[in-house]
Amino acid sequence: MAVCRLLLLMALFLLTYTVSADPDNLQDLSVKVNGFTCKANITADDFFSSGIAKPGLTNNSMGALVTGANVQRIPGLNTLGVSLARIDYAPGGLNPPHTHPRATEVVFVLEGQLDVGFITTANVLISKTIKQGDVFAFPKGLVHFQKNNGMVPAAVISAFNSQLPGTQSIAATLFAAMPPVPDNVLAKAFMVGTKEVQEVKSRFASA
């Protein structure tokens with residue numbers, strides 16, 4: 001029985017190892033990989049950021065702000081396959097439906113309470129209310145969201161198994177793309193008229 005458990009643990013480890021979002025290191029420190037330039041003289045600052053220490057401003061149309069701590073802000077993360085972000089939510093704030101094409105996301109609730117969920121490829125909603133100290137995972141590539149339905153601000157720390165997970169906000173991707181997605185494409189996809197599509201596009205243009 002002990003041998004079976006050991007083999008199972010080894011299989012789980014190998015599965016986790018092989019499905020990581022970014023390739024493993026080929027050297028101790030980064031060289032030019034994925035478009036990020038190698039630095040000849042590195043310092044501790046290349047591996048440091050204080051950017052997610054303080055709450056972000058949430059006075060925007062969604063009432064939420066994502067502050068990244070990825071390879072674009074921490075050069076030393078290049079090739080390491082990990083990054084973080086802080087997300088702050090005003091009361092009623094929404095991190096709208098979006099995907100991360102290169103990473104699974106795990107959130108840890110710093111404060112407040114959130115309604116969160118993701119949608120499977122079979123169109124099944126998996127959702128839960130999470131509170132301070134809770135952890136919730138969003139599988140790689142699946143559409144997901146977080147909404148603060150409470151009366152006080154909320155915040156999470158997000159962890160990703162990618163140095164640059166990428167974000168595609170569904171509504172903005174479709175209605176604010178440049179050049180624009182044709183109205184007739186969106187009208188047919190959402191089963192509405194072109195006037196409704198144009199109205200939504202105008203709201204994104206003025207946001």
Original post:
Does the Glu111 side chain pair with the main chain of Ala154, one donor and one acceptor, at a distance under 3.5 Å?
Top reply: no
**OP:** May I ask you to check whether His144 and Phe138 place their ring centers less than 6.0 Å from one another?
**Re:** yes
Original post:
Can you get from Val106 to Val109 by hopping between Ile, Leu, Val, Met, Phe, Trp and Tyr side chains that sit under 4.5 Å apart?
Top reply: no
Original post:
In the hydrophobic clustering (ILVMFWY, side-chain contacts below 4.5 Å, transitive), which residues join Leu186, or is it alone?
Top reply: Ile119, Leu125, Val143, Phe145, Ile170, Leu174, Phe175, Val181, Val185, Phe190, Val192, Val197, Val200, Phe204
**OP:** Linking directly or through intermediates, with side-chain heavy atoms under 4.5 Å: list the remaining ILVMFWY members grouped with Phe48, chain and number order.
**Re:** none
Original post:
Under 4.5 Å between any side-chain heavy atoms of Thr120 and Ile126, yes or no?
Top reply: yes
Original post:
Can a donor-acceptor pair be found between the side chains of Ser158 and Glu105 at a distance below 3.5 Å?
Top reply: yes
Subject >> Shared hydrophobic cluster for Ile87 and Leu114 (ILVMFWY, side-chain gaps under 4.5 Å) >> reply: yes
**OP:** Measure the CG-CG distance between Asn70 and Leu80 for me, rounded to the nearest 0.5 Å.
**Re:** 12.5 Å
Original post:
If you look only at pairs with a residue in residues 47-60, which of them pass as a side-chain hydrogen bond (donor to acceptor under 3.5 Å, both in side chains), with sequence neighbours excluded?
Top reply: none
**OP:** Report yes or no: does Asn148 contribute a side-chain atom to a donor-acceptor pair with the main-chain N or O of Ala90 at less than 3.5 Å?
**Re:** yes
Subject >> Considering all heavy atoms, the nearest Pro165-Ser83 contact >> reply: CD-OG, 3.6 Å
Original post:
To which residues is Met151 joined in a hydrophobic cluster, defined by side-chain heavy-atom contacts under 4.5 Å among Ile, Leu, Val, Met, Phe, Trp and Tyr, whether direct or through other members?
Top reply: none
Original post:
Any salt bridge (Lys or Arg N to Asp or Glu O under 4.0 Å) pairs touching residues 171-189, not counting sequence neighbours?
Top reply: Asp183-Lys201
Subject >> Heavy-atom side-chain proximity of Val156 to Tyr89 below 4.5 angstrom >> reply: yes
**OP:** Heavy atoms only: give me the nearest Ser162-Ala103 pair and the separation to one decimal.
**Re:** CB-CB, 3.6 Å
Subject >> Check: Leu110 main-chain N/O paired with Gln132 side-chain donor or acceptor under 3.5 Å >> reply: yes
**OP:** List, by chain and then residue number, the residues other than Met191 in its hydrophobic cluster (Ile/Leu/Val/Met/Phe/Trp/Tyr, side-chain heavy atoms under 4.5 Å); write none if there are no others.
**Re:** none
Original post:
Who pairs with Val152 by side chain to side chain contact (heavy atoms under 4.5 Å, CB included), at least two apart in sequence or on another chain?
Top reply: none
Original post:
Does anything in residues 162-180 pair up under salt bridge (Lys or Arg N to Asp or Glu O under 4.0 Å), and if so which pairs, sequence neighbours excluded?
Top reply: none
Original post:
Can you find a pair of side-chain heavy atoms, one from Leu77 and one from Val82, that are under 4.5 Å apart?
Top reply: yes
Original post:
Quick one: are Ile130 and Gln113 in side-chain contact, heavy atoms under 4.5 Å?
Top reply: no
Original post:
Can you list the residues that meet the side chain to side chain donor-acceptor pair (under 3.5 Å) rule with Thr167, with sequence neighbours excluded?
Top reply: His100
Original post:
With sequence neighbours left out, what residues match Glu199 under salt bridge (charged side-chain N to carboxylate O under 4.0 Å, His left out)?
Top reply: Arg203
Original post:
Quick one: are Ile157 and Ile52 in side-chain contact, heavy atoms under 4.5 Å?
Top reply: yes
**OP:** Answer yes or no: is there a donor N or O on one side and an acceptor on the other, between the side chain of Lys147 and the main chain of Gly92, under 3.5 Å?
**Re:** yes
Original post:
Do Leu164 and Ile74 sit in the same hydrophobic cluster, where Ile, Leu, Val, Met, Phe, Trp and Tyr count as joined when their side-chain heavy atoms come under 4.5 Å apart?
Top reply: yes
Original post:
Can you check whether Thr67 reaches Leu65 side chain to side chain, under 4.5 Å on heavy atoms?
Top reply: yes
Subject >> Main-chain N/O of Lys195 paired with Gln198 side-chain donor or acceptor, under 3.5 Å >> reply: no
Subject >> Pairs satisfying side-chain hydrogen bond (donor to acceptor under 3.5 Å, both in side chains), at least one member in residues 122-131, at least two apart >> reply: Asp115-Thr129
**OP:** Any salt bridge (Lys or Arg N to Asp or Glu O under 4.0 Å) involving residues 71-99? Give me the pairs, sequence neighbours left out, ordered by first then second residue.
**Re:** Arg86-Asp88
